[in-house]
Asks: 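Next up is a structure, given as structure tokens.
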Amino acid sequence: MTDARDTGLALNPKYDDNGLITAVVTDAVGGDVLMVAHMNAQALGLTVETGLAHFWSRSRQSLWKKGETSGHMLQVQDIRIDCDQDAVWVKAIPAGPTCHTGARSCFFRRVGADGLSLVDTGVDAAD
């Protein structure tokens, strides 16, 4: 059984008990997953309004614009919301590394039988 949230065209995000929604960010050109973060209503609104990705930091308990200090902002090309409106998909063009480690993506390690191994990070392993 579905309701209007599941099939309609009205934006009605289903925020969790902390007022947050999961945001998956991918590269608008290559499609790689760059990061996963959270948005509150203000972050989602600012992202739509400005075309730059904004998030809610659970650790700092504050709003942040991605790249505000590093300059590595995310220029939003498209925002999609899933069927029950409890997650968003942000397609963006990154202005540099997305991960705070300096890696192109936050997903720079592969899980395998022998543990973790590096995948293409966009930076030298020694950095």
Side-chain angles (χ1 to χ4, degrees):
M1 186 169 164
T2 60
D3 62 21
R5 177 180 271 152
D6 294 345
T7 59
L9 294 179
L11 181 61
N12 184 14
K14 189 188 306 180
Y15 297 101
D16 69 13
D17 292 341
N18 296 310
L20 302 175
I21 190 169
T22 301
V24 177
V25 181
T26 63
D27 187 300
V29 176
D32 292 339
V33 176
L34 298 175
M35 62 181 284
V36 174
H38 296 87
M39 293 179 167
N40 62 6
Q42 183 182 14
L44 180 57
L46 284 169
T47 299
V48 171
E49 179 185 323
T50 67
L52 295 171
H54 289 72
F55 302 99
W56 177 260
S57 170
R58 294 182 301 171
S59 60
R60 294 186 306 260
Q61 290 292 295
S62 64
L63 184 72
W64 58 286
K65 178 168 61 174
K66 178 67 177 159
E68 192 164 34
T69 57
S70 68
H72 301 153
M73 296 185 186
L74 293 169
Q75 180 67 49
V76 175
Q77 300 297 299
D78 191 16
I79 304 171
R80 303 206 186 166
I81 196 157
D82 76 334
C83 55
D84 56 356
Q85 297 198 41
D86 65 357
V88 294
W89 172 17
V90 178
K91 295 181 180 186
I93 297 174
T98 303
C99 186
H100 73 281
T101 65
R104 181 179 173 283
S105 165
C106 294
F107 294 90
F108 59 89
R109 294 173 289 185
R110 178 173 288 117
V111 179
D114 295 327
L116 299 179
S117 61
L118 289 176
V119 295
D120 183 28
T121 62
V123 297
D124 292 331
D127 286 346

Asks: Locate the shortest heavy-atom distance separating A103 from P97; write the atom from each residue and the value.
Replies: O-CB, 3.4 Å

Asks: With sequence neighbours excluded, what pairs up with D27 under the side-chain hydrogen bond (donor to acceptor under 3.5 Å, both in side chains) test?
Replies: R104

Asks: Output the distance between atom NZ (K14) and atom CZ (R5), rounded to the nearest 0.5 Å.
Replies: 5.5 Å

Asks: Looking only at non-hydrogen atoms, find the nearest pair between V25 and A92 and report the distance.
Replies: CG1-CB, 4.3 Å

Asks: About how many Å separate CG of L44 and CG of L11, when rounded to the nearest 0.5 Å?
Replies: 6.0 Å

Asks: How close do V33 and S105 get, counting heavy atoms only, and between which atoms?
Replies: O-OG, 2.7 Å

Asks: Rounded to the nearest 0.5 Å, what separates atom CG in L74 from atom CG in L52?
Replies: 8.5 Å

Asks: Check D86 against D84 and note the closest heavy-atom contact, atom names and distance.
Replies: OD1-OD1, 2.8 Å

Asks: If you take all heavy atoms of Q85 and A10, which pair is closest and at what distance?
Replies: NE2-O, 3.1 Å

Asks: Donor-acceptor check, side chain of K66 to backbone of T98, threshold 3.5 angstrom: yes or no?
Replies: yes

Asks: Tell me which pairs pass ring-ring contact (aromatic ring centres under 6.0 Å, His included) where either residue lies in residues 50-84, with sequence neighbours left out.
Replies: F55-W64

Asks: Can you tell me how far CG of D82 sits from CG of D6, rounded to the nearest 0.5 angstrom?
Replies: 9.0 Å

